[in-house]
Protein chains: 2
Amino acid sequence: MPSKVPQAAIRRLCRYQQVLAQLEQDGVETVSSADIGRLAATNGAQVRKDLSYFGDFGRRGLGYKVSELRAQLRAILGLERGRNVAIIGAGNLGSALVGYPGFEMRGFHVVAVFDNDPAKVGRRLRGLRILPLTRLTEVAATKDIAIAILAVPEFAAQIVADRVAEAGIRAILNFAPRHIHAPPGVVVCNVDMTSQLEFLSYFLTQGETELEAEEC
Amino acid sequence: MPSKVPQAAIRRLCRYQQVLAQLEQDGVETVSSADIGRLAATNGAQVRKDLSYFGDFGRRGLGYKVSELRAQLRAILGLERGRNVAIIGAGNLGSALVGYPGFEMRGFHVVAVFDNDPAKVGRRLRGLRILPLTRLTEVAATKDIAIAILAVPEFAAQIVADRVAEAGIRAILNFAPRHIHAPPGVVVCNVDMTSQLEFLSYFLTQGETELEAEEC
DNA sequence: CAGTGTGAAGCGCTTCACAGCT
DNA sequence: AGCTGTGAAGCGCTTCACACTG
């Protein structure tokens, strides 16, 4: 419905939702855009603008009802229903992600693990049997997998991404240290941890001269 | 030296460096900005502009010498010297990161692991003894730690970040599912995996209507 | 009066287009 | 001719400021 929403705004909506969850837990009932801004590392104007892309959620002179706004944000982000996710690549990182409690806590259910290594296939990881990639399409359908998390080696990333797309999965979170490009109709989010370190390294070399609480 | 460089440009420089590494390995000697752009998911104009923040690296009419440009980028990003990093939090994720081969391969050496849990302290993780957080300042100095990777629970993230700053470490890569704000003089990079999933979830709900190869 | 919703101004990044080397 | 380096134009996000409302 919204005509044009900046990606950065969506990112911030996630943070607002998180901040509101905390406030709700603390028993706060009402909050102003300025307060949300403070807690989410922005400002009130930005918060109001971001919300305005999706509707009117506040009461003038009063602020926002915490639980109400949070529910709205969850609806916007599609967080009301849980999502099933598959982890592809059962190496160190993949294995750790299978057991990462944060996913389950926020409604993302890891329901399948895949790997191509015959030595790994069949073994169990936190109760999930590791499946061969050949079964991806089948399992994606039967287990209603919405998102694939890629924890595969660099050289395999793009190939696997394409197979994920063929399997009908329309969202990919890529941890391989290579920027993969999205097959048509698929959303890709690249999280190259090594690049993040390189990025930090840049600021360290600038260091002495201008380093002052950068962010990213 | 550069007056004002967009953060996005730095991020792209990391990708260019990566692309050039591949080209170098493939034995390519010369490359145009247009080619780099294609390989790094941008365009030639962007590549040239990004490079122009730091100097003149190309030959008109010819392009760039791959190995030469790559060396220049590595210098800009501070990648010539290795960097020692500490991992804080020896849970699932932290443990996996200690063993992540990508770090070492790109010149980031994991030289210390910390955790506050007495049950974990003293145990070994890939040859590294898990140390208590109380020793952070001491070890940061003796082992010349440049970057701290936080893999701690949500509630501890900000507190630990502040202690990292006190220990004299000036760069933090934060994996806790909470946006932490940087102590003065410290660069922070927040990589909340759960938020990434929420971000993807948004596009899935938009889905039917407008989903077409988004990126992030 | 306190605080939202929003058009408009401001600003920074990206894209364009072309002069200038090779 | 081919391709870089770059001022200037274009564009989109953020910030401002204020009308409006409870």
Side-chain angles (χ1 to χ4, degrees), chain A residues 1-16 19-20 23 28-66 68-70 72-73 76 199 202 210 214-216, chain B residues 1-16 19-20 23 28-66 68-70 72-73 76 199 202 210 214-216:
Chain A
M1 192 170 322
S3 46
K4 191 65 187 52
V5 186
Q7 279 202 12
I10 310 296
R11 281 252 153 63
R12 283 188 299 265
L13 290 184
C14 297
R15 292 219 300 273
Y16 303 158
V19 160
L20 289 167
L23 289 172
V28 179
E29 291 193 347
T30 278
V31 70
S32 70
S33 61
D35 289 339
I36 297 175
R38 214 163 295 123
L39 292 165
T42 355
N43 58 70
Q46 185 72 79
V47 172
R48 294 199 300 280
K49 178 61 85 178
D50 289 343
L51 295 176
S52 78
Y53 291 122
F54 297 93
D56 298 2
F57 305 113
R59 285 116 225 257
R60 305 201 182 212
L62 228 173
Y64 303 86
K65 253 201 119 226
V66 171
E68 200 175 278
L69 180 56
R70 175 156 184 250
Q72 302 273 19
L73 288 181
I76 292 166
F199 182 76
Y202 168 79
E210 55 135 325
E214 293 279 343
E215 263 284 351
C216 90
Chain B
M1 192 171 318
S3 46
K4 191 64 188 53
V5 186
Q7 279 203 11
I10 309 298
R11 280 254 153 63
R12 283 189 299 265
L13 290 184
C14 296
R15 293 217 301 274
Y16 303 157
V19 161
L20 289 167
L23 289 172
V28 179
E29 290 192 346
T30 279
V31 71
S32 70
S33 61
D35 289 339
I36 297 175
R38 213 165 296 122
L39 292 164
T42 354
N43 58 71
Q46 185 73 78
V47 172
R48 295 198 300 280
K49 178 62 86 179
D50 288 343
L51 295 176
S52 78
Y53 292 122
F54 296 93
D56 296 3
F57 306 113
R59 285 116 225 256
R60 308 203 179 209
L62 229 171
Y64 303 85
K65 253 200 120 226
V66 171
E68 200 176 280
L69 180 56
R70 175 155 184 250
Q72 302 273 21
L73 288 181
I76 292 166
F199 181 76
Y202 168 80
E210 56 135 326
E214 293 279 343
E215 264 285 351
C216 88

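Here the structure is a predicted model, which means the values were calculated and not measured. Letters A, B, ... mirror the listed sequences (proteins, then strands); counts begin at 1. What you see below is based on every heavy atom in this structure, not just the backbone, and it leaves out hydrogens, waters and symmetry mates.
Atom CD of A/Gln72 is separated from atom P of C/dT4 by 15 Å (rounded to the nearest Å). If you take NZ of A/Lys49 and P of D/dC13, they are 11 Å apart, rounded to a whole angstrom. Spacing between atom CZ of B/Arg11 and atom C1' of C/dT14 amounts to 17 Å, rounded to whole angstrom units. One interatomic measurement links the two molecules: OH of B/Tyr16 to P of D/dT4, which rounds to 12 Å at whole-angstrom precision. Nucleotide D/dG12 holds its P atom 12 Å from the OH atom of A/Tyr53, rounded to whole Å. Per the geometry, CD belonging to B/Glu68 stands 14 Å off C1' belonging to D/dT4, to the nearest Å. Look at CD1 on B/Ile10: it is 13 Å from C1' on C/dC13, rounded to the nearest Å.
With a 4.5 Å cut-off on side-chain heavy atoms, A/Pro6 and A/Tyr53 count as touching. A 4.5 Å side-chain heavy-atom check between B/Phe57 and B/Ile76 finds at least one atom pair inside the cut-off. Within the 4.5 Å cutoff, no side-chain heavy atoms of B/Asp35 are placed close to those of B/Val19. You'll find the side chain of A/Leu39 reaches within 4.5 Å of the side chain of A/Leu23, heavy atoms only. At least one side-chain heavy atom of B/Phe54 sits under 4.5 Å from a side-chain heavy atom of B/Val5. Here the side chains of A/Leu51 and A/Leu13 are in contact, with some heavy-atom distance below 4.5 Å. With a 4.5 Å cut-off on side-chain heavy atoms, A/Tyr16 and A/Thr42 count as touching. By the 4.5 Å heavy-atom criterion applied to side chains, A/Arg11 and B/Phe199 are counted as neighbours.
Proximity note for B/Lys4 (side chain, C-beta onward) versus C/dC13, D/dT14, C/dT6: the nearest is C/dC13.
One axis for each end of the helix from C/dC1-D/dG22 to C/dT22-D/dA1, each built from five base pairs, and the angle between them comes to 0° at 10° resolution.
OP1 and OP2 of D/dG2 both lie 4.0 Å or more from every side-chain N or O belonging to B/Tyr64. At the phosphate of D/dT15, OP1 or OP2 sits under 4.0 Å from a side-chain N or O atom of A/Asn43. Residue B/Gln46 has no polar side-chain atom (N or O) positioned under 4.0 Å from OP1 or OP2 of C/dC13.
Mapped onto DNA chain D by nearest heavy atom, A/Asp50 and B/Asp56 fall at different nucleotides, with B/Asp56 at the one closer to the 5' end.
Note that CG of A/Leu20 is 12.5 Å distant from NZ of A/Lys65, once rounded to the nearest 0.5 Å. In this structure, OH in A/Tyr64 is found 10.0 Å from CG in A/Leu73, a value given to the nearest 0.5 Å. Atom OG of A/Ser33 sits about 13.0 Å away from atom NZ of A/Lys49, to the nearest 0.5 Å.
Of all the residues in residues 28-37 of chain A, not one reaches under 4.0 Å from DNA chain D with any non-hydrogen atom.
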Revision key, fill the gap. Scoring nucleotides 17-22 of chain D by protein non-hydrogen atoms under 4.0 Å (B base, S sugar-phosphate only, - none) yields B-BBBS

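Across all strands shown, A/Ala8 has heavy atoms under 4.0 Å from sugar-phosphate atoms exclusively, and none from any base.
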